[in-house]
Amino acid sequence: MRPSNLFIYGLTGTGKTAVAKFVLKRLGIKGSERGVRIYWVYVNTRIENTSYRVLSRIGEHLGVRIPFTGLSTAEVYRRVMSAMDSRSSIVIIVMDEIDYMVKREGDEILYRLTRANEELGSSRLSIVGITNDIKFVETLDARVRSSLGEEEIIFPPYNAQQLRDILMERARIAFKPGAVGEDVISLCAALAAREHGDARRALDLLRVAGEIADREGSDKVLEEHVYRARNEIERDRASEIILTLPIHGKLILYSIVKILEDGREATTGEIYLTYREIARKQGLEPITQRRASDIISELDMVGIISAITVNRGRYGKTRIIKLQVSPEVILEALKADGISD
DNA sequence: AGTCCACCGGAAAACATGGCAA
DNA sequence: TTGCCATGTTTTCCGGTGGACT
C-alpha cells in the first residue's frame with residue numbers, strides 16, 4: 001500500500017515544515033515497529049533548486065553516491081530509481097518550497113516522479129509538496145496537479161491570540177517567572193501578526209528582546225526591549241546580506257549611498273556611472289549596465305533598497321532607488337571589505 | 001500624432017569551472 | 001586524454017515602453 005501524495009500550503013512561519021518533519025519521524029518509527037521500511041527524504045528546493053540536485057539529494061539518502069556535477073540528469077534519475085527499487089520499501093520525498101524549483105525548470109521532474117511507481121517493482125514512492133504560494137498549484141500541469149494533490153492540507157496563519165499562546169508557552173519554559181509581562185507578549189504577538197502571523201518572527205522577537213534585557217542587567221523584559229529587538233533583528237539581517245554580496249554588488253550599493261549622500265537622485269544610469277568610476281579606481285573591470293541592472297533588482301528583492309520605475313516622458317524611463325536600510329548600517333558593513341573613502 | 005529618451009527585461013550565447021566515463 | 005554534461009555568472013543583442021515634448 002502506498003501512502004497518498006500530499007500537498008501542504010501555508011504562509012511562512014505557520015509550522016508546515018516542522019509538522020511535516022515531525023510526522024515523518026513518527027512514521028519512520030511506526031514503520032520499523034511493524035517491519036515496514038520507510039525512507040524519507042527532505043529536500044528544500046529553494047536551496048536544491050534544480051532537478052539534478054533534488055535527485056542527487058534523494059540518491060544520497062538512499063546511499064547512492066552522486067557527483068555534484070558531471071552526470072546527465074537522466075543518468076542520475078536512472079541511478080536513483082534503481083536504488084529505490086532495490087530497497088523494497090516505501091520512499092517519501094518531501095519537497096519544501098517546491099514552487100521555487102518549478103518556477104525555474106517546470107514540472108517535468110514532478111511528473112516523472114509521480115509516475116515512477118509504474119517503473120518501480122517492489123518499492124513505493126510518494127511525494128509531499130510544501131509551498132507557501134497558494135496560486136502555485138494552478139500553474140501545474142493538470143496531470144501533475146491531480147496526482148500530487150491526492151490529499152491537501154492548509155495551514156492558516158496564526159492570529160494574534162494564537163501567537164500569544166505560543167509565546168506564553170515559550171516564555172514559561174525559557175524565562176524566569178515574572179520576567180516577561182503580559183504586555184510584552186502581546187506586543188511581540190501584535191508585531192508578528194502584522195507580518196502575516198509568522199510564529200518564527202514572534203519567537204525571534206521575544207528571544208532577542210530577552211537577550212537585550214539580559215545584557216542590560218534588567219531582570220524584566222520591557223516593551224522598549226522589544227522595539228529595540230525589532231531594530232536589531234532588522235540590522236543583523238541587513239548586514240548579513242550585505243556582507244555576502246558579491247564584490248560588484250557591494251560597489252553598486254556603495255555608489256547608491258554616495259549618490260544619495262550628495263543629495264542627488266539615484267537612477268540606474270547615475271548609479272552605473274558612479275559605480276564604473278569606483279570600480280576603475282579599485283582596479284576592477286566594471287560589469288555591464290545590463291548586469292548592474294540585474295544586481296539592482298536583486299538588491300531590491302532582498303529589501304536593502306527599493307526601486308520604483310518611473311516614466312519621465314521625453315527624459316526616458318528609469319528606476320529611482322531609495323535605501324531601505326540606514327546608510328550607516330550599509331557603510332559599516334562595507335567597511336569590513338575595505339570599501340570606503 | 002508622432003518622436004524619442006533612457007532605460008527595462010527577455011533570450012541566447014559565451015565563458016569558466018568541475019566532473020564522469022571510456 | 002577527449003567528449004559530454006551540468007551550473008553559474010556575465011555579455012551581447014535587441015525588442016519594448018510610457019509619457020513629455022514637438
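In what follows, chains are A, B, ... by sequence order, proteins preceding strands, each numbered from 1.
Nucleotide dC20(B) holds its P atom 9 Å from the CZ atom of Arg79(A), rounded to whole Å. Nucleotide dT10(C) holds its P atom 12 Å from the CG atom of Leu284(A), rounded to whole Å. Atom C1' of nucleotide dC15(B) and atom CD of Glu285(A) are separated by 15 Å, given to the nearest angstrom. In this structure, the CZ atom of Arg57(A) is 21 Å from the P atom of dA6(C), given to the nearest Å. Ile287(A) places its CD1 atom 12 Å from the P atom of dT9(C), with the value rounded to the nearest Å. One can place OH of Tyr272(A) at 11 Å from C1' of dT11(C), the figure rounded to the nearest angstrom. Nucleotide dT9(C) holds its P atom 12 Å from the CG atom of Leu245(A), rounded to whole Å. Atom CZ in Arg291(A) sits about 18 Å away from atom P in dC15(B), given to the nearest Å.
Sorted by first and then second residue, the side-chain hydrogen bond (donor to acceptor under 3.5 Å, both in side chains) pairs with a member in residues 300-323 of chain A read Glu265(A)-Arg312(A), Ser293(A)-Arg319(A), Ser297(A)-Arg319(A); sequence neighbours excluded. Sorted by first and then second residue, the salt bridge (charged side-chain N to carboxylate O under 4.0 Å, His left out) pairs involving residues 16-31 of chain A (not counting sequence neighbours) are Lys30(A)-Glu33(A).
Hydrophobic cluster of Leu243(A): no remaining members, since no ILVMFWY side chain lies below 4.5 Å from it. Cluster note: Leu273(A) groups with no other residue, as no ILVMFWY side-chain heavy atom lies under 4.5 Å from it.
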Show the atom names and distances, to 0.1 Å, of all donor-acceptor pairs under 3.5 Å that link a side chain in residues 181-188 of chain A to residues at least two apart or in another chain.
from: Ser186(A); atom 1: OG; to: Glu182(A); atom 2: O; distance (Å): 3.2

Acceptor/donor pairs from residues 204-215 of chain A side chains to any protein atom, 3.5 angstrom cut, sequence neighbours excluded:
from: Asp204(A); atom 1: OD1; to: Arg207(A); atom 2: NH2; distance (Å): 3.2
from: Arg207(A); atom 1: NH1; to: Glu211(A); atom 2: OE2; distance (Å): 3.2
from: Arg215(A); atom 1: NH2; to: Glu232(A); atom 2: OE2; distance (Å): 3.3

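With respect to the salt-bridge test (charged N to carboxylate O, under 4.0 angstrom), the residues Glu240(A) and Arg237(A) do not qualify.
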For nucleotides 10-13 of chain B, which of its nitrogen or oxygen atoms have a protein nitrogen or oxygen under 3.5 Å away, and what is each distance?
from: dG10(B); atom 1: N7; to: Arg290(A); atom 2: NH2; distance (Å): 2.9
from: dG10(B); atom 1: O6; to: Arg290(A); atom 2: NE; distance (Å): 2.7

I'd like a list of close polar pairs between nucleotides 6-8 of chain B and the protein, N/O only, cut-off under 3.5 Å.
from: dA6(B); atom 1: N3; to: Lys317(A); atom 2: N; distance (Å): 3.3
from: dC7(B); atom 1: O5'; to: Gly269(A); atom 2: N; distance (Å): 3.1
from: dC7(B); atom 1: O4'; to: Lys317(A); atom 2: O; distance (Å): 3.4
from: dC7(B); atom 1: O3'; to: Thr268(A); atom 2: OG1; distance (Å): 3.4
from: dC8(B); atom 1: OP1; to: Thr268(A); atom 2: OG1; distance (Å): 2.6
from: dC8(B); atom 1: OP1; to: Arg319(A); atom 2: NE; distance (Å): 2.7
from: dC8(B); atom 1: OP1; to: Arg319(A); atom 2: NH2; distance (Å): 3.3
from: dC8(B); atom 1: OP2; to: Ser293(A); atom 2: OG; distance (Å): 3.4

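In this structure, the side chain of Ser218(A) engages the main chain of Lys220(A) through a donor-acceptor pair within 3.5 Å.
Residues that satisfy the side chain to side chain donor-acceptor pair (under 3.5 Å) test with Arg170(A), not counting sequence neighbours, are absent from this structure.
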